[in-house]
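Accompanying notes for the structure given below.
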Amino acid sequence: MDISELPKHFDTQAAESSWQARWRELGVYRYAEAAAGQERSAQERFAIDTPPPTVSGSLHVGHVFSYTQTDLVARFERMRGKSVFYPMGWDDNGLPTERRVQNYFHVRCNPGLKYEPGLDLSAAEGIDPKSPPRQISRRNFIELCLRLTQEDEKSFKELWGRLGLSVDWAQEYSTIDPRCRRAAQRSFLDLWRKGHIYSVEAPTMWDVDFQTAVAQAEVEDRKIAGHFHHVRFGVEGGADGFTIATTRPELLAACVGVTAHPNDERYRHLFGKRALTPLFGVPVPIFPSELADPEKGTGILMVCTFGDATDVRWWREQKLANRQILGRNGRLLAVQFGEANWPSIDPQRANTLYAELAGRSVKQARRAVVDQLRAPDEAVLRGLPPLAGEPTPLEHPVKFFEKGDQPLEFITTRQFFVRLLDKKPMLLEAGDRIQWHPEFMRHRYRTWTENLAFDWAISRQRYFGVPFPVWYPIDAAGEADYENPIVAADESLPLDPADATPPGFSEEQRGMPGGFLPESDVFDTWFTSSLTPMIASGWGEQPERFRSLFPMDLRPQSHEIIRTWAFYTIVKALLHEDRIPWKHVAISGWILDPDRKKMSKSRGNVITPMHLLDEYGSDAVRYWAAGAGLGADTAFDPNVLKVGKRLVTKLFNASKFVLGKEGRPGPIVYPMDRVFLLRLRELVRNATRHFENYEHQQALAETERFFWTAFTDAYIEMSRARTLGTQGAEAQGSALATLRIALGVFLRLFAPFLPYITDEVWSWRYAGETGCASIHASAWPSAADFPELSAGGNDGIFDVAVEALYAINRSRTGAGVSSAREIKTATLAAKPEAFPLLQAACEDIRLAVRADELLAIVEPQLDEAGSDKPGIEVRQIEFVSA
RNA sequence: GGGCGGUUAGCUCAGUUGGUUAGAGCACUUCCCUUACAAGGAAGGGGUCCGGGGUUCGAGUCCCUGACCGCCCA
């Protein structure tokens, strides 16, 4: 190609589309499977457990940031000769997709319905949104989800392609596709057989809006405003009552006990007696508990089924009655006082009062019960109103489902759990065997694991998701036996129990006495996504491939899901395979907006990436992302993009200069060339070490700095004259050879960061010379790129020359003289120990600054500063007149 | 309340095991169309390294302590 014909600037958009096509054509990023029947050793490959993006989410620069950081590692390892396994998955499980499908097609999933093959629905345009939605089977619903999410995946795919992610697109999966459903169900069967899964009817954290159980990891505390209500209780058979403080008076009817701290003198005399609840007149035990805080409220409190997690604990430990009054929909259930489990000293009055509460929501019931508490209570409190004083406002932390708007309740339901609490030591030890980058992120995992308080609730009462491959036998009386589920056979997966018939039954027995009842729950989405390294590597399906790829090398992810995605993935790998899932976890930071707030859809401060790619080019955007280290949150700053773009332009132009030179490279015999290459070799060593330490930002910073200051500002200036042949063929050949080697090394050092410009320049000459059609398939620079360089003495001449150039620049700028103006004569002064170096570099400096005459003198007093720097100063300078 | 990070120039950030006068880019000021690059180059000004103590010949860096910001957990 004719380099002199090249434009002044690099056309990023054109280059990006043509290189993407070229990389596909060459298969540069394809993972090379081991030969049939063979395994690939862990040393030969580098496997990445890519985070499957949530396709229904919005694209923003945060995606670009974290995925680029992973791509840097992939490209580095590939150039180091590893066969890189870099798949891409799509996370289309979960509520957002479910909602979108419901609205888009105006349908509802009904797990009780059977699959309709070939059901063809179109977008619900024109359909009255208020009309009853069409009910379809889960399998049909899943098909619609897949259809819709494929559209979403396109925009992600376009972005990933544009950004130059070196993903192997042959390795694609989506978390709701048949392969992932099969893996999730296989995981369930394996854990079930190993005894790690149990189902139990017990109080579980429950979201009343979504009407589903939620796991500890999906729970967050929010501070909300509430009130302490001071409520008088009576004591059975005695005159003295006491006053409790509660934020949840609506649960009074569910009160099953009263407790205070064992050392609390105020209440010690009550322990062992029974309290009488106001309004409902229910006798409940009063017991001491260390968990009661004497400082909080009045120090004595009511235990309800169930106000919070501590209530659940007291209920278990004290074997209290279970009087659940809250239904799954968040409304108070109808109950009958006077019947078994619902004692009262005045059932009739209790039922009258409770009738005003039944059917109401928590908030409505709270208001109603507070009104009731204001009226005198003859039955329990001898004419006193139960409410003592007015409610006092307070702010307190309340547990919420992270996606929910109403406080979580504890509701007794049957749920499946993975037993974790007995595995803490094993899980902690596994975390220690994994290398975390940055290292301190290890604490997040450790803290979470140590504080784990519940087993993993894996069943969700949702419609869209991977169904449990489970049925229940129905006895002759028509009652389902939930204690003894029938689990599916491995070869039948994936299946939906709503369609499939359990082993040993016929379809006619569905729902019949003596037949079977399908489970309608689906898995927690983490139950599937915790299998990503296993799914991608062919767990349970391709044994050789699985052994070649698992455990993987790297899990990249963000820090807020260490307790979920990282944690559950470790759980699964241990329970299924008794191994850690990967050797390294790389935690990317967050992108903050210019006000240092996290970028998020809800805040409305999201910056989308596409226009940035258009304006600055992909390489510049990658440059910005690569500038931040792992784990470092970074404020978005368009200035950095400008700098990246400038670097791309500089690389383009410097390459034009180097490769556009006429002349024949020769042996590297010139001292300055040799010294420069020694420095460059040092840079290669450092950059390599930084990459190995997962500190890509250091590799970039050092490479960029050396490229700019040592190469383009100094070395090119010093060798320029020689490249023209003015100093003889030997000096010219040495300079040209040095430039060629140096540029080839720089391009490859930059290649992981700037894949487009580097491959473009590579194609001008190096591709043909090396036989590597793409720089991304070439070898990472190493000592092998450098000719045998003798360890000659004057290694310091480069630094001295650079100092001298700076000094002359200062003089030139100070005099307001164009750098085009030649110098007639100049004198440079050096301190004694730098003087020989200055003398040795004198000719190179003279050529670089285009001086007719350059003198070096020694000045001992320059030494007084005591600096290590050569300290070259200009003593006299005279420019050729303009 | 516990844990983990952070606080360095107006802004965004580097600063590796303690070591000369603490760096870069942007922004600002001045100069320069130059031969690969004016979408460029050269130079300059700008810092109590959050505060307080300590260790040390020497601290942005290590230790203690306080403040503030953020995240995770309770």
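To find a chain, count down the sequence lines: A is the first, B the second, and so on, and within it residues start at 1.
- Look at the P atom in both B/rC28 and B/rC72: the space between them is 38 Å, to the nearest Å.
- Between A/Arg646 and B/rG41, a side-chain N or O to OP1/OP2 separation shorter than 4.0 Å is present.
- Summarising the geometry, the separation between OH on A/Tyr616 and P on B/rA39 is reported as 16 Å, rounded to the nearest angstrom.
- Shown here, B/rU16 forms no base pair; nothing in the strands shown gives a Watson-Crick or G-U wobble contact with both key distances under 3.5 Å.
- Between A/Lys403 and A/Glu218 no salt bridge is recorded (no basic side-chain N to carboxylate O distance below 4.0 Å).
- When each of A/Lys645 and A/Gly631 is assigned the nucleotide of RNA chain B bearing its nearest heavy atom, the one mapping closer to the 5' terminus is A/Gly631.
- Among the atoms of the strands shown, none is found under 4.0 Å from any heavy atom of A/Phe652.
- Between A/Trp315 and A/Phe306, the ring planes are perpendicular. Angles over 60° get that label, and only those under 30° would be called parallel.
- Side-chain proximity of A/Phe440 to the nucleotides B/rC32, B/rG5, B/rA42 is greatest for B/rG5.
- Between A/Glu843 and A/Arg846 there is a salt bridge, since a side-chain N of the basic residue sits under 4.0 Å from a carboxylate O of the acidic one.
- Rounded to whole Å, the separation between the C1' atoms of B/rU34 and B/rU16 comes to 39 Å.
- Phosphate proximity of B/rG41 to A/Trp708: present, with a side-chain N or O under 4.0 Å from OP1 or OP2.
- Cation-pi geometry between A/Arg555 and A/Trp565 is met: the NZ or CZ atom falls under 6.0 Å from the ring centre, inside 45° of the normal.
- Taking side-chain N and O atoms only, A/Gln216 has a distance below 4.0 Å to OP1 or OP2 of B/rA74.
- In this entry B/rA22 has no Watson-Crick or G-U wobble partner, no candidate having both defining distances under 3.5 Å.
- Note on A/Asp713: only backbone sugar-phosphate atoms sit closer than 4.0 angstrom, heavy atoms only; bases stay farther off.
- Residue contacts for A/Gly660: at a heavy-atom cut-off of 4.0 Å it reaches no nucleic acid atom on any strand shown.
- Comparing atom distances between the A/Arg850 side chain and each of B/rU35, B/rA36, B/rC71 picks out B/rU35 as nearest.
- In this entry B/rG1 has B/rC73 as its Watson-Crick or G-U wobble partner, both defining distances falling under 3.5 Å.
- For A/Asp637, the listed nucleotide lying nearest its side chain is B/rU12; candidates were B/rG15, B/rU12, B/rC72.
- Taking only side-chain atoms of A/Arg689, from C-beta outward, the nucleotide of B/rU16, B/rU12, B/rA43 with the closest atom is B/rU16.
- Using a 4.0 Å cut-off between charged nitrogen and carboxylate oxygen, A/Asp221 and A/Lys399 count as a salt-bridge pair.
- The separation of B/rC50 from B/rC11, taken at their P atoms, amounts to 13 Å, rounded to a whole angstrom.
- Nucleotides B/rC68 and B/rG58 have their C1' atoms positioned 30 Å apart, rounded to a whole Å.
- Closest to the side chain of A/Ser818, out of B/rA36, B/rC26, B/rU34, is B/rU34.
- Rounded to whole Å, the P atom of B/rG60 lies 9 Å from the corresponding atom of B/rG19.
- Separating the NE2 atom of A/His396 from the P atom of B/rA74 is a distance of 17 Å, rounded to the nearest angstrom.
- Comparing B/rA42, B/rA36, B/rU12 by their nearest atom to the side chain of A/Thr712 picks out B/rA36.
- Note on A/Asn639: only backbone sugar-phosphate atoms sit closer than 4.0 angstrom, heavy atoms only; bases stay farther off.
- We find that CD of A/Glu560 is positioned 23 Å from P of B/rG3, with the value rounded to whole Å.
- Of all nucleotides present, only B/rG6 satisfies the Watson-Crick or G-U wobble test against B/rC68, with each distance under 3.5 Å.
- Here A/Arg720 reaches the OP1 or OP2 of B/rA36: one of its side-chain N or O atoms lies under 4.0 Å away.
- Nearest to the side-chain atoms of A/Ala654 among the listed nucleotides B/rC72, B/rC26, B/rA36 stands B/rA36.
- The side chain of A/Thr649 lies closest to B/rA39, out of B/rA42, B/rC71, B/rA39.
- Taking 4.0 angstrom as the limit, A/Lys642 places none of its side-chain polar atoms (N or O) nearer than this to OP1 or OP2 of B/rU12.
- Distance noted for atom C1' between B/rC4 and B/rU21: 36 Å (whole Å).
- Comparing the same atom, C1', in B/rG6 and in B/rA74 gives a spacing of 22 Å after rounding to whole Å.
- Ring geometry for A/Tyr766 against A/Trp762 counts as parallel: the plane angle stays under 30°, on a 0 to 90° scale with 60° as the upper cut.
- Which of B/rA74, B/rA14, B/rC73 sits closest to the side chain of A/Arg563 comes down to B/rC73.
- Electrostatic pairing of A/Glu822 and A/Lys824 does not count as a salt bridge here, judged by no charged N lying under 4.0 Å from a carboxylate O.
- Relative to the six-membered ring of A/Phe753, A/Arg622 misses at least one condition, a distance below 6.0 Å or an angle of at most 45° to the axis.
- Nearest to the side-chain atoms of A/Gln698 among the listed nucleotides B/rG15, B/rC73, B/rU34 stands B/rG15.
- For the OP1/OP2 pair of B/rG41 and a distance below 4.0 Å, the side-chain nitrogens and oxygens of A/Lys650 include at least one atom meeting the criterion.
- The shortest distance between the side-chain N/O atoms of A/Arg812 and the OP1/OP2 oxygens of B/rC32 is not below 4.0 Å.
- Pairing for B/rU29 goes to B/rA43, judged as Watson-Crick or G-U wobble with the two contacts each under 3.5 Å.
- B/rG41 and B/rG47 are spaced 27 Å apart, taking the C1' atom of each and rounding to whole Å.
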